[in-house]
Chemist: 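One structure follows; several queries about it will come next.
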Amino acid sequence: ADVISTVEFNQTGDLLATGDKGGRVVIFQRETEEAGEVGDSGEYNVYSTFQSHEPDFDYLKSLEIEEKINKIRWLPQQNAAHFLLSTNDKTVKLWKVSERDKRPEGYNLKDEEGRIKDVSTITSLRVPVLKPTDLMVEVRPRRVFANGHTYHINSISVNSDGETYLSADDLRINMWHLDITDRSFNIVDIKPANMEDLTEVITAAEFHPHHCHLFVYSSSKGTLRLCDMRASALCDRHTKLFEEPEDPGSRSFFSEIISSVSDVKFSHSGRYLLTRDYLTAKVWDLNMDKGPVETYQVHEYLRSKLCSLYENDCIFDKFECVWNSSDSVIMTGAYNSFFRMFDRETGRGVTLEAWRENSKPRAVLRTRRVYTGGKRRRGDVGVDSLDFTKKILHMAWHPEENIIAIAATNNLYIFQDRVNPDAQTQ
Amino acid sequence: MEVDRGAMECAVDAQSLISMSLMKIHSSRTQRGGIKLHKNLLVSYVLRNARQLYIKEKYAEIYRMQQYEEVMAVCSGIQELDPLEPLEPQGAEDAEPEQPVRAAGCGEESRAAGGREPEPPYYRSCCMEDQFSQNCNKTTVLDLDTHVVTTVENGFLHQDCCCAAAAAAPQCAPGAAARKRKVDSAGCSPDAEEPSDYTAGRKRLKREECSGADCSPDASNISNLISIFGSGFSGLLSRQADLEQVCSKQALASLGAWTRAIVAF
């Protein structure tokens, strides 16, 4: 129940939220640098923990609804409080995270313990004053967006307008207003009239970071659709379709599975899209829909193992992918606690490992290699020695600095680049 | 569909993939959180691909066999001045695709064409005894519900002639309609052909029978078991509201049929 299922930094990077399979959300806060202190600054410590979703039951369909948190998205901060959206398969919730470090003292009608005073003992009036107290973090549910989805929600995305957000399930995408919980607008519906004709499902969706009328969604067929909400109320017809023609030479039993897109992310600039399918990560230019502009092989050595991976269900794993703050590096996860970073300028990739033995504080991450032939180096890992139960599915990159958060099953690793703390190409 | 089988690690034959996929679909029904539409859709694609390969391989076999038979029939006809008349057509339309008749050079050419080795007359022995022999193209499926035995030869439904190889008294029933027979009935009427010309006659008999409606290359005629997933992602998740009723029955029914079929294979 402690397996982490989502990781997300807020817009400043000071807060990091994780959701797990047990429906809990844990928020970490970055310690601010103390003047004159060297070293321990910049670490993330637990800020708040709360139960976001509970197991639920759909009595009509006799189906259990998992409490697992599928996605967390932070809202842009508007005041002292922080807001985040968290969702399980069916329900999206808006949480307010606020601090309380003062409390009022000096009530007229109540004494210090809160007991009502005898009115006859009050001889004068005073104004209560706020006194500092221990910091308390309060998390309260502010909105519950329920009953919007028949199928399993896989994505939520906050619009740049700050007022709306979208939620996507396998067949539909709804747009909500953050203040209105009893209504949502359906903006995409790919459910066929006859379910027997179903050929693809929606796998991920995201709003454009700057244009509040644009959003993209990916499908299990490996296509991306860019939709413009100004064109029509129901965006079933895409504005742009991004699709790479299939290579007939590489056709196999599992072609459909490995071409399914598991994650899609706009670049910070809004110019590019990053997608992840089972074996590759691809960068697409919004201006070119004929195919990706860059393709990165994440673990091509698994192509010959697809049958075993189908047997043990690993082929259905959904890896996420992220951009760094300057859109110069992309990162995604793999097996054996490995994750990969690709430098877009050079095209080179590096494999790193999220593993406790290496992770004394300040330990330097070693690059790893999977042995696929040629000269074997010390430390290379053979393909057959890979531990497929140790998968890095969820990760996040700090919006401004070179700090990454990697979820490895039930552990969270936070790595910081001390050499180049600001967003620079490595 | 071309598949690079050599690169695959585990048993990648179509049938094992089919059974694996069905088990996944079946077990997903009891998973917590309800059936995952995406995963089951992907599994159905694997199922479809495996089935397509299976059918394609069967077709290839059929084609090879038919070509061989054509050649042998022509050769026999030339050699033996065969007195036998071809059987009456089966009544239904001949949906068999036109096969080019290769008149020249009998045995050698057919072998060279990659067909099966010509064997002595009884190479078509009953599949029940000789199921995995290279020479036997029959597979027999026993439906445990109805106790009906269906013999599929070269991918075509064949009328009870797996026992026809017994030389003296071929039990083959060349009757028009019946595609299946009950296990306990012994209803094969003796063949009219003379044993002396058995080889040629049987081969032509096969060809004639295979010209019948049973042997239509249309997928739905090949085997009702194979055609379960013929219409794509059918019936599995018509509506989530119906899951418990519709899906369970359909999934179980189709799973059951497949399980039995696979056992017989």
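Naming: A, B, ... by sequence-line order, numbering from 1 per chain.
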Chemist: Within the 4.5 Å heavy-atom criterion, are A/Leu274 and A/Val264 side-chain neighbours or not?
Modeler: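 Counting from C-beta outward, A/Leu274 and A/Val264 never come under 4.5 Å.
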Chemist: Out of A/Ile315, A/Asn154, A/Asp89, A/Thr199, which one racks up the most heavy-atom pairs below 4.5 Å with chain B?
Modeler: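 Looking at each option in turn, the highest pair count goes to A/Thr199.
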Chemist: Given a strict heavy-atom distance threshold of 4.5 Å, which part of A/Ser260 is in contact with chain B: side chain, backbone, both, or neither?
Modeler: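 Just its side chain gets close to chain B.
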Chemist: Just checking, any donor-acceptor pair under 3.5 angstrom between side chains of A/Ser167 and A/Asn174?
Modeler: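 Note: A/Ser167 and A/Asn174 side chains miss the donor-acceptor criterion.
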Chemist: According to salt bridge (charged side-chain N to carboxylate O under 4.0 Å, His left out), who are the partners of B/Lys39, at least two apart in sequence or on a separate chain?
Modeler: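 Partners of B/Lys39 by the salt bridge (charged side-chain N to carboxylate O under 4.0 Å, His left out) criterion, ordered by chain and then number, come out as A/Asp313.
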Chemist: Ignoring hydrogens, what is the shortest heavy-atom contact between A/Ser52 and A/Lys93? Give both atom names and the distance.
Modeler: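 In this case the closest contact between A/Ser52 and A/Lys93 is O-NZ, 2.9 Å.
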Chemist: If I measure from the heavy atoms of chain B, does A/Phe57 come under 4.5 Å with its side chain, its backbone, both, or neither?
Modeler: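 For A/Phe57, neither part sits under 4.5 Å from chain B.
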